[in-house]
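In what follows, a structure is listed as structure tokens, so that the remarks can point back to it.
The chains referred to below are lettered A, B, ... by the order of the sequence lines, with proteins before strands, and numbering in each begins at 1. Note that the coordinates shown come from a computational prediction; the quantities given were computed from them, not determined experimentally.
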Protein chains: 2
Amino acid sequence: MDIQLKRGLLDACVLAAIKNEDSYGYRIIKDMKPYLEMSESTLYTILKRLEAGNMLTVRSVEHEGRLRKYYHITREGLRRIEEFKEDWKEINAIYNFITREETGNE
Amino acid sequence: MDIQLKRGLLDACVLAAIKNEDSYGYRIIKDMKPYLEMSESTLYTILKRLEAGNMLTVRSVEHEGRLRKYYHITREGLRRIEEFKEDWKEINAIYNFITREETGNE
DNA sequence: CGTAATATATCGTAATACGAAGTATATAAT
DNA sequence: ATTATATACTTCGTATTACGATATATTACG
């Protein structure tokens, strides 16, 4: 899959992964794997970006000797998902432009 | 509109703009404007990239004292559009993941 | 004892979209 | 006559960003 095509989906996808239940990095990657694969370095970069943008909050938890950072979506984060849905209408229009079959001359 | 979201569409969009008829930079921008706005610097970067990737060929034409470079899509370019269509199936699956309404607990 | 799974962090890099600015001609407006 | 707008392509620098590679640390499995 074309990397560029994935780009716009990543942030919204991560937010969607924590939308219904708080989650942590390692699990987010596993949950998204059937839909969208991403490397760890990419995920943690995104999580930091989303935190900086107040899309989510972080809470550290000690779990079996290991550190776990649980991410919780904020109202801003939920709004980001809605924004994504809005944008998608435009995206579909572009998609139709790309895939349209012209009856013109070639 | 989110820039990242546009990224994956740009190459395919430019190819679509010359698919049915050879065209040149200035006109491509105008043709795409209703669907997708892009700056000149972006377009010409993309055209060069597509040329380097053998997705299109270029032909210079003198038109009313001004230079025009006509772009013609190649078989490779047409295949790129088909590839885009294939990718879109996956994109739709991701879109559904992002927008699904879980019946679970929040 | 080594490998895999769990879990997060950091560094350097390559790709790339964009704004800004430049070059040049023709036409319309003031 | 001069200014602005439309046409048409080019180059430079920059910020964003996804990724591979690598590091750290614990637990479980063989």
Assign each of B:Ser41 and B:Leu67 the nucleotide of DNA chain D bearing its closest heavy atom; nearer the 5' end lies the nucleotide of B:Leu67
Among [options], which nucleotide has an atom closest to any side-chain atom of [X]?
| X | options | result |
| --- | --- | --- |
| A:Lys6 | C:dA7, D:dC19, D:dC12 | D:dC19 |
| A:Arg68 | C:dT8, C:dC18, D:dC9 | C:dT8 |
| B:Tyr26 | C:dT8, C:dA17, D:dC9 | D:dC9 |
| B:Ile46 | D:dA18, C:dA9, C:dA17 | C:dA17 |

Quick check: closest heavy atoms across A:Lys69 and A:Tyr24, and the distance to 0.1 Å? O-CB, 3.2 Å
For A:Ala17 versus A:Ile28, what's the shortest heavy-atom pair and its separation?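 Answer, listing the atom of A:Ala17 first, then A:Ile28: CB-CG2, 4.0 Å.
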Do the non-hydrogen side-chain atoms of B:Lys19 and A:Ile98 ever get within less than 4.5 Å of each other? no
Side-chain touch B:Leu43/B:Met32, heavy atoms, less than 4.5 angstrom: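 Side-chain contact under 4.5 Å: no.
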Send over the distance from [X] [atom1] to [N] [atom2], rounded to a whole Å.
| X | N | atom1 | atom2 | value |
| --- | --- | --- | --- | --- |
| B:Leu43 | C:dC18 | CG | P | 10 Å |
| B:Glu51 | D:dC9 | CD | C1' | 14 Å |
| B:Asp2 | C:dT16 | CG | P | 17 Å |
| A:Leu36 | D:dA18 | CG | C1' | 11 Å |
| B:Leu47 | C:dC18 | CG | P | 13 Å |
| B:Arg27 | D:dC9 | CZ | P | 11 Å |
| A:Tyr24 | C:dA5 | OH | P | 15 Å |
| B:His63 | C:dT25 | NE2 | C1' | 12 Å |

Under a 3.5 Å cut-off for both distances, is D:dG30 Watson-Crick or wobble paired, and to whom? C:dC1
Note: for A:Tyr44 and B:Asp11 on DNA chain C, the residue whose nearest nucleotide lies more 5' is A:Tyr44
So, is [X] close to the [N] phosphate, meaning a side-chain N or O under 4.0 Å from OP1 or OP2?
| X | N | result |
| --- | --- | --- |
| A:Lys30 | C:dA5 | no |
| B:Thr42 | C:dC18 | yes |
| A:Lys48 | C:dA9 | no |
| A:Arg49 | D:dT16 | no |

Salt-bridge present ([X], [Y]; N to O < 4.0 Å):
| X | Y | value |
| --- | --- | --- |
| B:Asp2 | A:Arg80 | yes |
| A:Arg79 | A:Glu76 | yes |
| B:Glu21 | B:Arg27 | yes |

Can you give one letter per nucleotide of nucleotides 23-30 of chain D, 5' to 3': B if a protein heavy atom sits under 4.0 Å from the base, S if only from the sugar-phosphate, - if neither? ---BS---
For the base of D:dG20, is there a side-chain donor-acceptor partner from A:Ser39 under 3.5 Å away?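 No, the side chain and the base share no sub-3.5 Å donor-acceptor pair.
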Would you call the rings of A:Phe84 and B:Tyr95 parallel, tilted or perpendicular, where under 30° means parallel and over 60° means perpendicular?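 Plane angle between 30° and 60°, so tilted.
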